[in-house]
Amino acid sequence: MPEITVILPDGSKRTLQEGSTAADLAMDIGSNLAKAAIIAEINGTEVDLLTPLENGSSVNIITGDSEQGLETLRHSTAHVLAQAVLDIYPEATFAIGPPIENGFYYDFAIPNDEAIKEETLEKIEKKMKEIVEADQTFIRGETTVSEALTMFSQHPYKCEIIETAEATEVDDDEIISFYRNGDGFVDLCRGPHVPSTGKLGHFKLMSVAGAYWRGDEKKPMLQRIYGTAWATKKQLKEHLERLEEAAKRDHRKLANELDLLSFPSELGGGLAVWHPKGSQVRKLMEDYSRQRHEDGGYEFVYTPHIANADLFKTSGHLDFYSEGMYPPMEMDNGEYYPKPMNCPMHCLIYRSGTKSYRDLPVRLFELGTVYRYERAGTLHGLMRIRGFTQDDAHIFTTEEGLAEEIGNLLEFVMSVLQAFGFKDFTFNLSTRNPEKSVGSNEIWDHATRALQEALESHGLPFSTKIGDAAFYGPKIDIDVADAIGRSWQLSTIQLDFNLPERFNLRYINSAGERKRPVMIHRALMGSIERFFGVLIEHYAGAFPSWLAPVQVSVLPVAEEHEEYAKEIITELEKENFRVQFVRADNPLGKRIRDVKTQKIPYVLVVGNEDVEAQTIGVNPRGGEVERGIPITDFIARLTKEINDQL
RNA sequence: GCCGGGUUAGCUCAGUUGGCAGAGCACUUCUCUUGUAAAGAAGAUGUCGUCGGUUCAAUUCCGACACCCGGCUCCA
């Protein structure tokens with residue numbers, strides 16, 4: 001029997017009988033690997049395990065441990081989902097079903113637009129389990145475009161995919177591949193797949209939702225079933241636990257439980273009222289922001305909430321973004337719009353006097369409240385809201401001063417966000433979209449280079465998003481990772497070549513010539529509301545002492561200790577701590593429980609022993625109870641803790 | 001805006017195949033006087049999201065609207 005030799009990823013060689021498949025190779029290496037194997041990579045191309053090997057090929061056996069393996073697993077699970085749905089709804093037609101982060105989805109059109117109910121998901125899941133149980137082999141087939149069109153003639157979306165594939169991909173030979181398993185289920189697919197459905201099994205259907213065909217709102221809406229799938233039962237369990245953890249941190253739930261803010265429906269969608277406790281935290285956030293901006297060389301400004309339509313004609317907002325603006329109010333001398341951005345007004349402030357190059361950079365800062373009309377279906381707690389406040393600044397600088405200003409800004413952003421417990425930053429540089437942008441190539445090149453150099457000179461790794469810039473200039477977006485590893489885009493630094501033109505902004509340079517300043521839009525928290533939502537989830541509602549709306553709760557053991565408790569409170573209030581008194585009207589355990597659910601950093605308990613020794617009992621959030629602490633010690637400790645946090 | 005689901009006491013939720021609306025927590029009062037995550041008793045609490053329709057009768061069935069939730073689309 002002739003033999004072939006293949007090369008493994010570590011460079012070693014392995015000899016097999018001719019005609020051996022990747023699966024045979026996996027088995028030859030070890031039965032555990034054969035069991036874990038999902039697909040193979042031959043000479044860098046992902047293929048099914050049943051693909052025969054050729055002499056001299058480099059072969060890598062892919063398992064569910066790798067991203068590639070998981071993707072295949074999820075993709076194959078999506079196939080089984082489609083198989084189950086078509087079994088239950090024989091008249092249904094199916095569209096696409098790719099792997100996504102943590103799972104997969106598949107889009108279907110059900111006859112007569114019958115809705116797939118959440119309850120039906122259980123039925124579908126049961127059917128999928130049967131298919132997995134049956135351990136059906138995935139068999140790859142290949143055919144021509146015209147035959148594929150016949151094969152899928154009952155499925156118009158599949159036909160559209162085949163036709164589009166023909167038009168765009170132009171494979172050498174226009175071969176369309178498909179996979180067959182079970183009793184005649186066929187799906188159009190590039191592959192590869194797991195060898196058989198028995199390899200699957202650690203999955204769960206999550207939800208059903210509407211989704212436009214090809215993501216186009218002009219095209220029909222299909223029904224999308226989402227699922228999650230993992231290589232092991234443990235991974236699936238852990239994923240579901242992560243979802244539970246995220247649900248526990250949901251800012252909408254916590255904002256309600258902790259009495260921070262609410263969205264009364266009479267107020268209208270996407271509009272919040274801040275309760276005293278939420279307002280306390282917000283005030284601390286804003287005070288901190290103001291202090292840092294003051295130290296950072298910013299000048300504070302205030303601008304009105306509405307403006308004449310002329311302003312937004314000048315700025316271009318009415319031309320470009322009127323759909324996202326609240327409708328105008330008719331007034332004696334024209335139309336007035338609630339402002340969707342602060343920048344036009346900041347431009348007016350800049351323009352109010354002649355600027356010399358010696359005045360630059362001008363940094364105007366405002367906690368500016370803006371109103372944007374977000375479509376009804378897009379609203380989402382504090383994360384997507386119709387009225388919000390930006391920690392907004394506009395910096396007007398010379399072209400020469402740009403790189404340095406950007407560099408300082410990057411440092412500033414990180415330094416401010418660190419106070420809120422964010423340590424992992426990701427930087428994204430967005431470059432010009434030539435289809436949709438203003439300004440010369442020269443100015444874009446120069447500005448993009450300035451952004452890139454600032455990132456590089458500060459040693460900050462970044463990814464480039466080509467064509468992702470706004471029409472008016474390139475930008476750097478900054479994402480942070482929260483306490484449970486989720487990423488949030490918070491800060492943005494955007495260059496603008498458009499507004500300085502439109503508002504005819506100028507400064508006089510050292511040679512006495514009129515020059516155009518460069519404008520930088522930047523926000524650190526972005527929207528205070530959204531940032532607050534992120535903070536609630538990041539801290540799971542347990543704000544660090546410097547931010548906590550109530551820092552200390554003081555509980556007398558019995559009524560006779562109330563007087564002493566109030567003396568303690570007086571001492572703490574002298575130090576400007578935010579303190580709450582809980583009178584002895586309930587058993588101590590009950591009162592402790594009540595304040596603990598409010599996630600207050602310190603619960604102080606005082607009883608006979610404390611009155612006698614002039615001490616307190618300290619019950620810190622997430623810590624052990626300590627008895628007999630002198631109040632001065634506690635004050636020193638809390639003061640230090642807060643200073644360390646900032 | 002689109003698809004699907006939802007809205008009952010301050011909160012979390014049960015319920016009515018169309019016939020006087022319920023629980024737990026919270027709240028009020030009283031009793032208990034407490035040493036680290038739920039003491040006991042009594043009391044009060046509702047436009048059953050809004051407006052219209054069907055009906056002898058609607059919280060329940062139908063329609064429109066508002067708001068919320070899961071997605072899609074959008075996001076200067």
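Every chain is numbered from 1, with letters handed out A, B, ... down the list of sequences.
In this structure, E609(A) atom CD and G35(B) atom P are separated by 11 Å, rounded to whole Å. For the pair R224(A) CZ and C72(B) P, the computed distance is 6 Å after rounding to whole Å. Atom P of nucleotide A38(B) and atom CZ of R591(A) are separated by 13 Å, given to the nearest angstrom. At whole-Å resolution of the value, CE in M206(A) and C1' in G4(B) are 17 Å apart. Between the CG atom of D585(A) and the C1' atom of G40(B) there is a distance of 14 Å, given to the nearest Å. One atom, CZ of R583(A), and another, C1' of C32(B), lie 14 Å apart when rounded to the nearest Å. For the pair N433(A) CG and A76(B) P, the computed distance is 12 Å after rounding to whole Å. N586(A) has its CG atom 13 Å from the P atom of G35(B), to the nearest Å.
The side chain of Y226(A) sits closest to C72(B) out of U33(B), C72(B), U34(B). You'll find that the side chain of S265(A) is closest to C67(B), out of C67(B), G70(B), G1(B). Of the candidate nucleotides A37(B), A76(B), G35(B), A76(B) has the atom nearest to the side chain of M325(A). Which of U34(B), U73(B), C3(B) sits closest to the side chain of T378(A) comes down to U73(B). Closest to the side chain of M221(A), out of C2(B), A37(B), G1(B), is C2(B). Distances were taken from every side-chain heavy atom of T597(A) (C-beta onward) to each of A37(B), A39(B), G71(B); the shortest belongs to A37(B). Across A76(B), A39(B), A37(B), the shortest atom-to-atom separation from the side chain of Y472(A) is found for A76(B).
For R384(A) against C74(B), a side-chain-to-base donor-acceptor contact under 3.5 Å is present. Within 3.5 Å, a donor on the side chain of Y212(A) pairs with an acceptor on the base of G1(B), or the reverse. Contact annotation: side chain of R372(A) to base of C75(B), donor-acceptor pair absent below 3.5 Å. Side chain N608(A) to base G35(B): no donor-acceptor pair is found below 3.5 Å.
Each of F108(A), Y157(A), F94(A) was checked for a ring pair (Phe, Tyr, Trp, His ring centres under 6.0 Å) with W213(A), and the lone residue meeting it is Y157(A). For the pairing with F532(A), the ring pair (Phe, Tyr, Trp, His ring centres under 6.0 Å) check across F388(A), Y539(A), W274(A) returns one residue only, W274(A).
Within the 4.0 Å cut-off from OP1 or OP2 of U33(B), not a single side-chain nitrogen or oxygen of H561(A) is found. An OP1 or OP2 oxygen of G40(B) is reached within less than 4.0 angstrom by no side-chain nitrogen or oxygen of K590(A). OP1 or OP2 of C69(B) lies within a sub-4.0 Å distance of a side-chain N or O belonging to R252(A).
A salt bridge is absent between R214(A) and D216(A): the closest approach of a Lys/Arg side-chain nitrogen to an acidic carboxylate oxygen does not fall below 4.0 angstrom. Taking 4.0 Å as the cut-off between side-chain N and carboxylate O, K339(A) and E366(A) count as a salt-bridged pair.
Near-neighbour residues of RNA chain B inside residues 93-120 of chain A, defined by a heavy atom below 4.0 Å, number-ordered: A115(A), K117(A).
Side-chain contact between E641(A) and P620(A): absent, with no pair of heavy atoms (C-beta onward) separated by less than 4.5 Å.
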Under 4.0 Å protein heavy-atom contacts per nucleotide of nucleotides 8-14 of chain B, with B for base, S for backbone only and - for none = ---SS--
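The cationic group of R224(A) lies under 6.0 Å from the six-membered ring centre of Y105(A) and within 45° of the ring axis, placing it in a cation-pi geometry.
Heavy-atom distances to RNA chain B give each of R214(A) and E266(A) a nearest nucleotide, and the one nearer the 5′ end belongs to E266(A).
For RNA chain B, if you chain together Watson-Crick or G-U pairs that step i with j, i+1 with j-1 and so on, the runs of at least three with distances under 3.5 Å are B:1-7 with B:66-72, B:10-13 with B:22-25, B:27-31 with B:39-43, B:49-53 with B:61-65.
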